[in-house]
Amino acid sequence: MRITDLMIQETMIMDLQATTKDEAIDELIASLNRSGRINDPVLFKEMIYKREAESSTGIGGGIAMPHAKTTAVNEPTVVFAKSRKGLDFEALDDQPAHVFFMIAAPEGAGNTHLRTLAALSRLLIDSDFISQLMSTDTPAEVSALFDAKQAEAAEKEAAKEKAKAEKAANAASTSNTGQQQNTSGVIVGNANSEDFVVAVTACPTGIAHTFMAEDALKKKAQEMGINIRVETNGSEGAQNVLTADEIARAKGVIVAADKNVEMARFDGKPVLQRPVSDGIRKSEELIRKAVNGDAPIYRSQGGNAKEEGASTGKISVGSKIYKDLMNGISHMLPFVVGGGILLAISFLFEQLASPENPIVQLLQTIGGGTGAFHFLIPVLAGFIAMSIGDRPALMPGMVGGLMAVNSNAGFLGGLAAGFLAGYVVIGLRKLFKGLPKAIDGLKPILLYPVFGLLIVGAISFYVFDPIFGSLNTWLVDALGNLGTGNAVLLGLLLGGMMSIDMGGPFNKAAYTFAIGVFTSSGNTDGAWMAAVMAGGMVPPLAIALATTFFKTKFTEQERKSGLTNYVLGFSFITEGAIPFAAADPLRVLTSCILGSAVAGGLTQLWHINVPAPHGGIFVAALANHALLFLLAVAIGSVISGLILGLWKKSPMIVK
């Protein structure tokens with residue numbers, strides 16, 4: 001397939017009018033939508049910004065490649081655009097972007113399409129080619145230039161494959177193939193060089209940056225006279241997978257990736273872990289450090305490489321704690337949702353039948369304190385520990401969490417046990433480092449489990465459980481005895497937090513707090529769940545109302561997407577408002593926070609309890625004051641919708 005089969009002329013923009021990154025994205029998406037290549041512009045825009053949140057697709061050198069892989073795409077398409085003046089796309093080199101390629105890939109894009117997109121990505125490493133693109137005036141010239149360049153690349157590839165076949169026929173050594181460049185599965189570099197490194201490149205979508213980083217590393221290695229093998233983790237999965245022999249021979253490993261790759265195979269090797277963008281823009285630096293072994297030694301059992309050279313970039317303490325906490329919460333949520341919904345259904349059956357009904361007892365057993373809910377805190381603690389200390393920390397973390405449950409230390413004790421277990425295992429790893437190598441195999445299966453469990457269990461039993469048990473009892477009693485005024489203030493706070501970042505740290509902190517009280521109070525009255533659920537339902541419902549009653553303030557695509565937010569809001573899926581918040585954060589977030597805070601506060605003013613941790617309107621019937629709960633949500637949504645509708649400016653018309 002030719003690149004120009006995807007880069008159709010009718011979508012090309014030869015004189016981009018945008019002056020900002022947001023305007024450029026909107027203009028490119030509008031071109032896709034006009035041609036019928038996408039079916040849901042709002043969802044596609046959401047996925048574009050989700051990728052931008054990982055790292056800017058302004059790769060430098062005047063190029064930007066915003067891209068997304070989503071069901072919103074009808075046909076794989078690349079929109080080419082030029083901006084003569086250039087604009088700030090938050091590029092990695094802080095220079096304006098002049099050439100744009102917006103890649104739209106459907107969820108089930110075929111291998112042929114993905115390989116074509118990879119070929120496009122590799123072409124953009126050539127600065128001379130980019131200069132030629134800038135000199136074009138018509139879509140036809142752009143197409144002709146790409147066709148000629150792809151034909152030239154195909155000829156070179158055929159010549160390399162022929163040379164490779166001839167060497168294989170002559171039984172040449174496969175450990176060093178000499179001056180071959182950019183041939184899949186072949187070592188690139190200098191046949192006489194003893195310097196050999198390996199690399200893995202990967203980006204979240206596996207479409208563009210993966211292959212650009214691969215090509216940049218290969219070209220720079222060729223210039224430096226260094227042998228390199230590059231594995232790519234693209235949309236087709238891992239290609240040119242590194243062999244155990246190659247990893248063993250390599251002086252260093254480069255992992256230029258923005259998603260998880262298989263790391264255990266690099267145990268004991270100097271490994272540079274960098275964003276995929278560094279593979280494109282800082283290829284020389286990475287190769288030099290890898291050759292010199294100037295990188296941390298990776299330990300597959302530890303999760304924390306020991307630094308033995310230049311820093312790979314320090315992560316702030318706050319970011320590290322948040323990452324570890326989110327690992328625990330993300331693994332806990334399936335238990336919350338699954339168990340919570342079954343528990344909610346049991347309450348519904350209980351109202352219709354009786355507590356002794358077999359269905360009620362079955363559902364409460366599966367979802368409640370002896371079923372899914374019994375695992376909430378152990379799973380939270382275990383996966384916090386695993387994020388810190390890798391697999392050896394999982395078991396002591398889970399046991400510490402279970403001890404917290406059994407001693408009434410609750411989720412606070414579980415949090416403490418999780419972090420304790422993670423750092424205890426890190427300490428044990430350092431302590432046992434000097435032991436003979438002959439017993440290295442016993443560390444993960446004997447030493448870490450036994451000593452980790454003993455230390456975590458003892459500290460939990462004698463320190464954490466008594467302290468947090470008393471604190472948890474006081475907290476639950478204090479919350480239960482709050483006066484109406486104080487309860488309303490806390491409801492305002494929890495409700496507002498649900499809208500601050502819509503799934504981020506503030507949202508998760510409020511939800512985790514409510515879950516902690518919900519599971520630690522000895523009952524499931526759900527007073528604080530009512531506040532966070534109401535607050536979380538408001539943003540998408542407010543968006544839906546605003547797009548319905550202030551139609552002139554939104555584009556046609558936004559109005560269509562706004563309708564889906566009715567369903568998302570009723571279902572307590574706050575994330576439905578994210579695309580709108582990303583496009584207009586000040587107005588959307590401010591209006592949503594105000595409405596969510598009001599909704600959360602009203603639930604406490606009216607003493608509403610929702611005995612379910614999820615479900616939205618579908619569990620509203622379980623509330624002690626179901627109509628008042630729905631009224632609180634409605635009032636908050638109307639307030640937010642009115643503020644947003646009145647405040648928002650009319651959309652810019654793209655010509």
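Residues T603 and A632 come closest through the heavy atom pair CG2-CB, 4.1 Å. Heavy-atom minimum distance, A623 versus I608: CB-CG2, 4.4 Å. Scanning both residues, A290 and I254, for their nearest heavy atoms gives CB-CG1, 3.8 Å. Annotation for P466 and S460: closest pair CD-O, 3.9 Å, computed over non-hydrogen atoms. The two atoms that bring V424 and G452 nearest to each other are CG1-CA, 4.2 Å, heavy atoms only. What you find for G397 and A385 is that their closest heavy atoms are CA-CB, 4.0 Å.
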| request: Begin from the C-alpha positions of D390 and V425 and carry the test side chain to side chain contact (heavy atoms under 4.5 Å, CB included) through to its verdict. | output: CA-CA 9 Å; D390 213 344; V425 169; over 6 Å; no
| said: What verdict does the side chain to side chain contact (heavy atoms under 4.5 Å, CB included) test give for L454 and V450, after you've listed the backbone C-alpha separation in whole Å, the side-chain angles of each residue and the deciding distance to 0.1 Å? | reply: CA-CA 6 Å; L454 176 62; V450 171; 5.5 Å; no
| said: For L415 and I384: C-alpha separation, side-chain torsions, deciding distance, then whether side chain to side chain contact (heavy atoms under 4.5 Å, CB included) applies. | reply: CA-CA 8 Å; L415 288 175; I384 288 174; 3.7 Å; yes
| task | Test side chain to side chain contact (heavy atoms under 4.5 Å, CB included) on Y298 and Q273 and set out the steps. | result | CA-CA 10 Å; Y298 182 80; Q273 297 187 64; 3.8 Å; yes
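The CD1 atom of I48 sits 9.5 Å away from the OG1 atom of T70 when rounded to the nearest 0.5 Å. Going from atom CH2 of W606 over to atom CG of L631 covers 4.0 Å, rounded to the nearest 0.5 Å. We find the CZ-OH distance between R429 and Y448 to be 5.0 Å, quoted to the nearest 0.5 Å. Between atom CG of residue N357 and atom CG of residue L363 there is a gap of 9.0 Å, rounded to the nearest 0.5 Å. Taken to the nearest 0.5 Å, the CG atom of L402 stands 5.0 Å off from the NE2 atom of H374. Between atom CZ of residue F464 and atom CD1 of residue I459 there is a gap of 6.5 Å, rounded to the nearest 0.5 Å.
Other residues, nucleotides and ligands contribute over 12 non-hydrogen atoms within 6.0 Å of the CZ atom of F419.
Side-chain N/O atoms of T201 and E231 include no donor and acceptor closer than 3.5 Å.
At a threshold of 4.5 Å between non-hydrogen side-chain atoms, the residues M395 and V456 do not count as touching. Inter-residue side-chain proximity for P358 and L362 is flagged as unmet; no heavy-atom pair is nearer than 4.5 Å. Within the 4.5 Å cutoff, the side chain of P449 has no heavy atoms near those of the P392 side chain.
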Residues 588-595, side-chain donor-acceptor partners within the protein, below 3.5 Å, at least two apart:
| residue | atom | partner | partner atom | Å |
| --- | --- | --- | --- | --- |
| T590 | OG1 | L586 | O | 2.6 |
| S591 | OG | R587 | O | 2.8 |
| S591 | OG | V588 | O | 3.0 |

